[in-house]
Q: 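Pasting a structure below so you can have a look.
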Amino acid sequence: MDIDNKARIHWACRRGMRELDISIMPFFEHEYDGLNDNEKHQFIRLLECADPDLFNWLMNHGRPDDDELYHMIKLIQQRNKDRGPVEI
């Protein structure tokens, strides 16, 4: 997936699992444009992972073996925390 194809990336962020949607969508909407190209590639690689894995990693039930993906998980968690609660 091309890092500049924001429409496709936005679509890939929609997971259908509420817990994932409230973690991934706000991060994409508020933070994606500020990421460097390497981080954008890491984010896209993360979106290619299975929902159960993403859920477990984002809820701190394990971590990806790939250190770059782990960095992206921690970045998502921290940036979402810094922004505060998501309004539903």
Q: Between Phe43 and Phe28, what is the ring plane arrangement, given parallel below 30°, perpendicular above 60°, and tilted in between?
A: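 Judged by the thresholds at 30° and 60°, the geometry between Phe43 and Phe28 is parallel.
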Q: So, are Asp21 and Arg15 salt-bridged, with charged N and O less than 4.0 Å apart?
A: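 Looking at Asp21 and Arg15, the cut-off is not met.
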Q: Would you check, one step at a time, whether the test side chain to side chain contact (heavy atoms under 4.5 Å, CB included) holds for His30 with Arg83?
A: CA-CA 9 Å; His30 296 282; Arg83 251 189 335 280; 3.5 Å; yes
Q: Rounded to the nearest 0.5 Å, how far does CG of Asp37 lie from CD of Gln42?
A: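 Here the rounded value is 11.5 Å.
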Q: For side chain to side chain contact (heavy atoms under 4.5 Å, CB included), just list the numbers for Asp2 and Arg8, CA-CA rounded to whole Å, side-chain angles, deciding distance to a tenth of an Å, and then say yes or no.
A: CA-CA 9 Å; Asp2 179 16; Arg8 184 163 166 88; over 6 Å; no
Q: Can you check side chain to side chain contact (heavy atoms under 4.5 Å, CB included) on Lys74 and Asn60, steps first, answer last?
A: CA-CA 9 Å; Lys74 299 310 285 179; Asn60 293 316; 3.8 Å; yes
Q: List the residues meeting salt bridge (Lys or Arg N to Asp or Glu O under 4.0 Å) with Arg63, not counting sequence neighbours, and say none if there are none.
A: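 Listed in chain order: Asp67.
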Q: Within this structure, what is the CD-NZ distance for the pair Gln78 and Lys81, rounded to the nearest 0.5 Å?
A: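 So the gap between those two atoms works out to 5.5 Å.
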Q: Do Glu39 side-chain atoms and Asn36 backbone N/O form a donor-acceptor pair below 3.5 Å?
A: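 Such a contact is found between Glu39 side chain and Asn36 backbone.
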Q: Return the CG to CZ distance between Leu47 and Arg14, rounded to the nearest 0.5 Å.
A: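 Between Leu47 CG and Arg14 CZ, I get 13.5 Å after rounding to 0.5 Å.
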Q: Could you list the residues that satisfy salt bridge (Lys or Arg N to Asp or Glu O under 4.0 Å) with Lys6, not counting sequence neighbours?
A: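 Salt bridge (Lys or Arg N to Asp or Glu O under 4.0 Å) check on Lys6 returns Asp33.
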Q: Within the distance-only criterion (no hydrogens, no angle test), does the side chain of Gln77 pair as donor or acceptor with the backbone N or O of Leu58 below 3.5 angstrom?
A: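 The answer is yes, because a donor-acceptor pair under 3.5 Å joins these two groups.
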Q: Do Trp11 and Tyr32 share a hydrophobic cluster, counting only Ile, Leu, Val, Met, Phe, Trp and Tyr and linking them when any side-chain heavy atoms are less than 4.5 Å apart?
A: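 Each belongs to a different hydrophobic cluster.
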Q: Do the side chain of Asn56 and the main chain of His61 share a donor and acceptor less than 3.5 angstrom apart?
A: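 No, Asn56 side chain to His61 backbone: no donor-acceptor pair under 3.5 Å.
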Q: Rounded to the nearest 0.5 Å, what separates atom CD1 in Ile76 from atom CZ in Phe27?
A: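 Answer for the CD1-CZ pair, Ile76 versus Phe27, is 5.0 Å.
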Q: Quick check: does any side chain N or O of Asp53 sit under 3.5 Å from a backbone N or O of Cys49, one acting as donor and the other as acceptor?
A: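 No: the side chain of Asp53 does not pair with the backbone of Cys49.
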Q: In the structure I gave you, are the side-chain heavy atoms of Glu29 and His10 within less than 4.5 Å of one another anywhere?
A: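 Answer yes - side chains close enough.
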Q: Between Leu69 and Arg45, is any pair of side-chain heavy atoms under 4.5 Å apart?
A: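 Leu69 reaches Arg45 side chain to side chain.
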Q: Tell me, do Leu75 and Leu35 make a side-chain contact under 4.5 Å, heavy atoms counted?
A: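 Side chain of Leu75 against side chain of Leu35, heavy atoms only: contact under 4.5 Å found.
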Q: Tell me whether Met72 is reachable from Met25 by hopping between hydrophobic residues (I, L, V, M, F, W, Y) whose side-chain heavy atoms are closer than 4.5 Å.
A: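 Met25 and Met72: separate clusters.
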Q: Return the CD to CG distance between Glu48 and Leu54, rounded to the nearest 0.5 Å.
A: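 That separation rounds to 10.5 Å.
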Q: Enter the distance from Met17:CE to Ile24:CD1 here, rounded to the nearest 0.5 Å.
A: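 With rounding to 0.5 Å, CE (Met17) is 10.0 Å from CD1 (Ile24).
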